[in-house]
Amino acid sequence: MYKFNVLFQPISSLTHVSNSPAKLQEREEFVRESWVKAMEARLVRDELVKCHRLEGVNHLENCRWLSDKYISMLKENKVKGYKKIDF
C-alpha cells in the first residue's frame, strides 16, 4: 500500500510557523505566479483556436508553432499548491 512519512510536531510550533506573515506572503506569491502561468496558457489556447478557424484546411502548417507552444505550456504551467505530498 502507501507509505506515509509523517512527523508529528507540537501544535504550538505548527501554528507559529504556518501563520507567520512572511510565510503567508510567500505562499500567496507562489500561488499567484502559478495562476499567471496557467492564464498565459489559456491565452495561447485562445489564439490557437482563432488560428485554426482563420486558416481552415491549412491550419496544420500555419498554426503548428502555436500548437507546439501550447503543448509545452501545458506541461510546464500547471497550477500548483504550496504543499508537496509525496507518495
Side-chain angles (χ1 to χ4, degrees):
M1 297 266 356
Y2 298 110
K3 294 180 182 179
F4 295 103
N5 295 330
V6 180
L7 299 176
F8 294 100
Q9 296 177 355
I11 293 175
S12 61
S13 67
L14 285 175
T15 57
H16 174 60
V17 171
S18 65
N19 292 334
S20 67
K23 190 72 168 175
L24 292 175
Q25 181 68 24
E26 181 183 340
R27 288 179 185 173
E28 185 177 316
E29 205 171 298
F30 181 78
V31 171
R32 187 181 309 121
E33 288 297 320
S34 178
W35 272 102
V36 166
K37 289 179 181 179
M39 293 302 116
E40 286 175 357
R42 182 180 286 181
L43 291 173
V44 171
R45 182 193 65 200
D46 293 343
E47 289 299 317
L48 181 61
V49 169
K50 287 180 191 176
C51 185
H52 275 255
R53 288 181 184 156
L54 290 175
E55 295 298 330
V57 295
N58 296 327
H59 72 276
L60 291 176
E61 294 176 7
N62 298 337
C63 303
R64 180 151 184 104
W65 66 274
L66 202 53
S67 62
D68 290 339
K69 183 175 181 180
Y70 181 58
I71 288 172
S72 69
M73 289 180 90
L74 281 179
K75 291 178 185 173
E76 298 168 1
N77 300 344
K78 294 182 180 179
V79 176
K80 300 173 189 164
Y82 61 91
K83 288 188 178 181
K84 304 269 185 193
I85 300 174
D86 296 327
F87 285 103

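This is a predicted model, so every value here is computed, not measured. We're numbering straight along the sequence, starting at 1.
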Rest of the hydrophobic cluster containing V49 (Ile/Leu/Val/Met/Phe/Trp/Tyr, side-chain heavy atoms under 4.5 Å)? none
Sequence neighbours left out, what passes salt bridge (Lys or Arg N to Asp or Glu O under 4.0 Å) with E33? Give chain and number order. none
Hydrophobic cluster (4.5 angstrom, side-chain heavy atoms) - remaining members for I71: none
Sequence neighbours excluded, the answer for side chain to side chain donor-acceptor pair (under 3.5 Å) partners of R53 is none
Show me the pairs that pass ring-ring contact (aromatic ring centres under 6.0 Å, His included) and involve residues 40-64, at least two apart or across chains. H52-H59
Using the test salt bridge (Lys or Arg N to Asp or Glu O under 4.0 Å), find all partners of K50 that sit at least two apart in sequence or belong to another chain. E47
Is W65 isolated, or which residues cluster with it under the ILVMFWY side-chain rule of less than 4.5 Å, directly or via members? V44, L48, L66, Y70, M73, L74
Side chain to side chain donor-acceptor pair (under 3.5 Å) partners of E55, counting only residues at least two apart: N62
Residues passing the side chain to side chain donor-acceptor pair (under 3.5 Å) test with E28, sequence neighbours excluded, are R32
Selection residues 24-74 - residue pairs positive for disulfide bond (SG atoms under 2.5 Å apart), sequence neighbours left out: C51-C63
List for me each residue that meets side-chain contact (heavy atoms from CB on, under 4.5 Å) alongside D46, sequence neighbours excluded, and say none if there are none. R42
